[in-house]
Amino acid sequence: MNSISGTRRASRSVRLTAALLGAGLLGAAAITTAAPAAAQDSQPAPAGGATATLGGLKTADRAVLHHEDGSTDELGAGLFEMAVDEGATLQTYCIDFGHPTQSEARYQEVPWAESSLHDNQDAGRIRWILQNSYPQVKDLAGLAGRAGAGSLTEATAAAGTQVAIWRFSDQVDIEAKDPAAEKLADFLYDNAQDSEEPSASLRLEPAAVSGKSGERLGPITVRTDAAAADLALSKEGAAAGVKVVDKDGKAVASAVDGSELYLDVPAGAPDGSAAVSVRAATKVPVGRAFTGIGEFAKSQVQILAGSELSTVTATAAATWAKQGAIPAVTAHKNCAKGGVDVTAKNEGDESFPFELAGQTYEVAPGESRTVTVPVREDQAYKITITGPNGFSKVFEGVLDCETAPSPADSPATPAPQPSAASTGGSGDDLAETGGSSATPWIAGVAVALVAAGGGVVLLVRRKSAGA
């Protein structure tokens, strides 16, 4: 197997042990930070693209992870399946070795910039592997012949493909246990070429617009790989006489990639808001990233390997008023800067002052401003922006941009094993994917330390009460 760059190659067992020890010793800190994560239960899914539920590891074989100290661990490697909300099935590979999988975790399609691929120069090579191996390539005999791999089954082809991907996504020293799968992994790794990021299945840019009544609000640009998408206006918009039109003011009911949509608000309409929804049937492009959402935000990042025809939706909000400041506020994860970009655009005739992260800002009429709010890796965030006349908007989530946990920064870093929410699913394969056979011993130590930490907390509280 080709050597892996020393600058990015790391021993996962050492880092994960440190993470668990940190979690045990800092048990009290983990308890006090549990509330923000729980608050995400009410967080709506991000607008745009496919949303799906992780089913588990379905087609897999074994792989061997080599540590820097010469020790090895055996784990499962292969294809996961996800169920799209509308019933279709997606197939994915893992691109986030250091985080756990969680059965029944909710996922959202995102661009590479909002995932662990944001700074990975080999992201394009990962997509090439996806396009040139199983399951995109169904002819396993032909694939084996090109790779000099003898004979491949679906399980060994999936394992070899996952191993090759891990070498690029996480820079781990890993090999497939089956000789034919290892031949395939080497072939894919050696021949991978750079490829462009795939387009979104469906996305609206921006996700919010504003303006004065009597004007056209927009444009909202449609980004999709579908042949066409259907449009729908919320009841609030229809009741106010709002229409969805094109740049020439003609009412439209469908859109294609690149379409620019506007909301035509009648003059004199009472101040209000509405939403336009776009719905399309398409196959999500191979190579799109999927990240966990809500309470599952820390579930390992996946990358699409195959899909059936799926129904995807996207929604953009619109706000209008007769006068004053009329803001439209959006937020996006900025993995490159380690935070969340909050953008406020003001289409009114007065300045829009707002408070964000303890600072005061102001946006002049017709202008916009983007503020990056720093967020630690793996940290749950709840960002609130407030303005005049009771304006308030909250953005919640977890910043998960790196392929491995950061013990020094996050005492609650997960182990390479699912949480209680993962009980069930596909069993042991789901639990150990991206993990280690040393996990039971490490987890036992962590549990003991957490218990000890909890005992210390109770003892201190009792002494305080007695005093």
Side-chain angles (χ1 to χ4, degrees), residues 43-44 46-48 110-111 113-114 118 203-223 233-234 236-237 240 242 244-245 247 260-278 314-375 379 381-397 399:
Q43 178 196 4
V110 298
E114 296 180 26
H118 73 280
R203 192 178 181 93
L204 298 181
E205 301 173 351
V209 294
S210 63
K212 292 183 178 181
S213 51
E215 298 180 348
R216 294 175 189 165
L217 283 53
I220 301 170
T221 303
V222 178
R223 303 294 184 193
L233 187 65
S234 64
E236 295 83 357
V242 176
V244 182
V245 301
K247 61 181 180 180
E260 292 186 344
L261 307 178
Y262 296 80
L263 274 72
D264 191 352
V265 182
D271 297 357
S273 61
V276 57
S277 297
V278 182
T315 302
T319 303
W320 62 88
K322 297 183 180 67
Q323 60 184 9
I326 314 175
V329 180
T330 57
H332 297 283
K333 293 179 183 178
N334 188 331
C335 288
K337 292 184 178 180
V340 176
D341 284 346
V342 179
T343 300
K345 188 174 183 180
N346 179 18
E347 294 294 349
D349 51 20
E350 296 179 7
S351 293
F352 173 60
F354 64 91
E355 292 187 6
L356 175 65
Q359 300 292 324
T360 301
Y361 304 90
E362 187 169 317
V363 182
E367 301 292 332
S368 66
R369 180 161 189 170
T370 298
V371 178
T372 302
V373 179
V375 179
Q379 176 182 316
Y381 62 82
K382 184 175 182 179
I383 299 171
T384 302
I385 177 173
T386 59
N389 301 319
F391 177 89
S392 179
K393 194 160 187 177
V394 179
F395 301 99
E396 297 181 58
L399 192 71

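We number each residue from 1, following the sequence as shown. The basis for the numbers below is simple: all heavy atoms, side chains too, and nothing from hydrogens, waters or symmetry mates.
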Does Val363 offer a backbone N or O that forms a donor-acceptor pair with the side chain of Asn346 under 3.5 Å? yes
Taking Lys337 for the side chain and Thr372 for the main chain, is one N or O donor matched with an acceptor at less than 3.5 Å? no
What are the two closest non-hydrogen atoms of Glu114 and Val110, and how far apart are they? O-CG2, 4.1 Å
Regarding Glu367 and Arg369, does a basic nitrogen lie under 4.0 Å from an acidic carboxylate oxygen? no
Derivation of the side-chain contact (heavy atoms from CB on, under 4.5 Å) call for Phe395 and Val340: CA-CA 9 Å; Phe395 301 99; Val340 176; 5.6 Å; no
Smallest heavy-atom separation, Leu399 atom then Gly338 atom, equals CD2-C, 3.8 Å
Closer than 3.5 angstrom, by distance alone: can the side chain of Asp349 be matched with the main-chain N or O of Gly324 as a donor-acceptor pair? yes
Between Ala344 and Phe352, which heavy-atom pair has the shortest distance, and what is it? CB-CE2, 4.3 Å
Between Ala318 and Leu217, what is the shortest heavy-atom contact and its length? CB-CD2, 4.1 Å
Correct closest heavy-atom pair for Pro219 and Pro206 would be O-CD, 3.6 Å
Under the 3.5 angstrom rule, does the side chain of Arg216 hit a backbone N or O of Gly211 as a donor-acceptor pair? no
Using side-chain heavy atoms (C-beta onward) and a distance below 4.5 Å, is Glu215 in contact with Val265? no
Is it the case that over 12 heavy atoms from other parts of the model lie below 6.0 angstrom from the CD atom of Glu362? yes
Approximate separation, where rounding is to 0.5 Å, of Glu355 CD and Thr384 OG1: 11.5 Å
Please examine the side chains of Leu204 and Val222, heavy atoms only from C-beta on, and report whether any two atoms are closer than 4.5 Å. yes
Hey, mind stepping through Ile220 and Leu263 against side-chain contact (heavy atoms from CB on, under 4.5 Å) and telling me if it holds? CA-CA 9 Å; Ile220 301 170; Leu263 274 72; 4.1 Å; yes
Assess whether atom NZ of Lys212 is packed by more than 12 heavy atoms of other residues, nucleotides or ligands within 6.0 Å. yes
Given side-chain contact (heavy atoms from CB on, under 4.5 Å), test Lys333 with Tyr381 step by step and report yes or no. CA-CA 11 Å; Lys333 293 179 183 178; Tyr381 62 82; 3.6 Å; yes
Cut-off 3.5 Å, side chains only: do Thr319 and Ser273 have a donor facing an acceptor? no
Tell me if a side-chain donor or acceptor on Ser210 pairs with a main-chain N or O of Ile326 at a distance below 3.5 Å. yes
Looking only at non-hydrogen atoms, find the nearest pair between Pro353 and Pro388 and report the distance. O-CD, 3.2 Å
Could you check Val329 against Phe391 for side-chain contact (heavy atoms from CB on, under 4.5 Å), going step by step and ending with a plain yes or no? CA-CA 11 Å; Val329 180; Phe391 177 89; 3.6 Å; yes
When you compare the side chain of Pro111 with that of Arg203, does any pair of heavy atoms fall below 4.5 Å? yes
